[in-house]
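Encoded as structure tokens, the structure appears first; notes follow it.
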Amino acid sequence: MKQEPTAAARRAAVGILVVHDREDVKYFLCDMSDPGIEIRPLRQITGEAEFNEVFLTGVRISDTERLGEPGQGWKVATTTLNNERVAIGSGAPREGGMIGKVAHTWRTRPEVRVPAMHDDLMRLWTESEVARLSGVRLRQQLAVGQPGPEGSGAKLAFARLAQAISGFELELAGDDGLRYDDWSMRRPDTVDFTGREPGYRYLRAKGNSIEGGTSEILRNVVAERVLGLPPEHRVDKDIAWKDLPR
Ligand SMILES: Cc1cc2nc3c(=O)[nH]c(=O)nc-3n(C[C@H](O)[C@H](O)[C@H](O)COP(=O)(O)OP(=O)(O)OC[C@H]3O[C@@H](n4cnc5c(N)ncnc54)[C@H](O)[C@@H]3O)c2cc1C
């Protein structure tokens, strides 16, 4: 089974620091071994703490650690985020990931099948296939350049599907679906979506619509930057950061 690395700031050698100073947004690389850096685990609904909050106290970062010219920080940051969204949203092979687990259960355990759920399974299977093929197209586009905002659509679809499929799987599993193996506070090095039980998948999928950009923000990105719809009203958009009233 495929295991994804967690964010794991505690193992990172280099962190990203996006700074709003009085002039603009700057993007720095920061040495995570600096003694002023404190990494505190953030515990999730699964019991695990895959990711962390990072505090910087008295940390000094030289301007030579800046990535991109002054004024380009936000562009570097969005490029980073676009890459992350494509990585999260366009990976699974045919019948891979969660839909593969559910299809396997449906085929191999006829006793759990409920005729009324068949339509739902077929719909989820078809949507997963559409998401997979869209991911293939996205990766082909990526082969000739940097990812654009289109990856936000893939990540948005991935989160919605992961939550729908894991909910379906829980229902299919009946009472077994509510079993959960380990609530102890752990800090795992990898996330194994498919290697564990349905209860874990159901709980872990809740974070999919938050991590790597919330679904609400991604809908804004798709609406404004992919579909070209009118942007949300923002009073601070055309004002330099240094001129914002504070
Ligand atoms: C499993 C998991 C792993 C994570 N890993 C990392 C990681 O590795 N690195 C990291 O930096 N962070 C990580 N995060 C944190 C995640 O990126 C943040 O939680 C996320 O960016 C949202 O920020 P917030 O929680 O402060 O919510 P807020 O920004 O406070 O938002 C609260 C709510 O308001 C909505 N909202 C905010 N602004 C708007 C707007 N303009 N329009 C519409 N809706 C809006 C949001 O969508 C959200 O629902 C992870 C989170 C999870 C659950």
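Only heavy atoms go into these numbers, but all of them, side chains included; no hydrogens, no water, no symmetry mates. Atoms within a ligand are numbered from 1 in the order they appear, just like the ligands themselves.
No part of E84 comes within 4.0 Å of ligand 1, judged by heavy-atom distances.
Taking every non-hydrogen atom of R204 and a distance limit under 4.0 Å, the qualifying atoms of ligand 1 come out as 1 (C). Listed by number with element, the atoms of ligand 1 under 4.0 angstrom from any heavy atom of N220 are 40 (C), 41 (N), 42 (N), 43 (C).
Contact between R219 and ligand 1 is absent, with no heavy atom of the residue lying under 4.0 Å from the ligand.
Of the residues R196, R204, R43, the one that meets the salt bridge (charged side-chain N to carboxylate O under 4.0 Å, His left out) test with E48 is R196.
A side-chain donor from one of Y27 and T80 sits under 3.5 Å from a side-chain acceptor of the other. Under 3.5 Å, the side chains of R187 and N52 contain a donor-acceptor pair of N or O atoms.
Relative to atom 53 (C) of ligand 1, the option among G207, G213, G212 with the closest non-hydrogen atom is G207. Selection from I16, V18, L81, I210 by nearest heavy atom to atom 21 (O) of ligand 1 gives I210. In this comparison of I217, N52, T214, the heavy atom closest to atom 38 (N) of ligand 1 sits on I217.
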Before giving the answer on side chain to side chain contact (heavy atoms under 4.5 Å, CB included), spell out for V14 and M32 the whole-Å C-alpha distance, their side-chain angles and the decisive distance to 0.1 Å. CA-CA 5 Å; V14 177; M32 295 293 280; 5.5 Å; no
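Checking only distances, Q44 never comes within under 3.5 Å of ligand 1, N or O to N or O.
Between S134 and V130 the shortest side-chain heavy-atom distance falls below 4.5 Å.
Taking the six-membered ring where the residue is Trp, F158 and F193 present perpendicular rings, their angle passing 60° and hence far from 30°.
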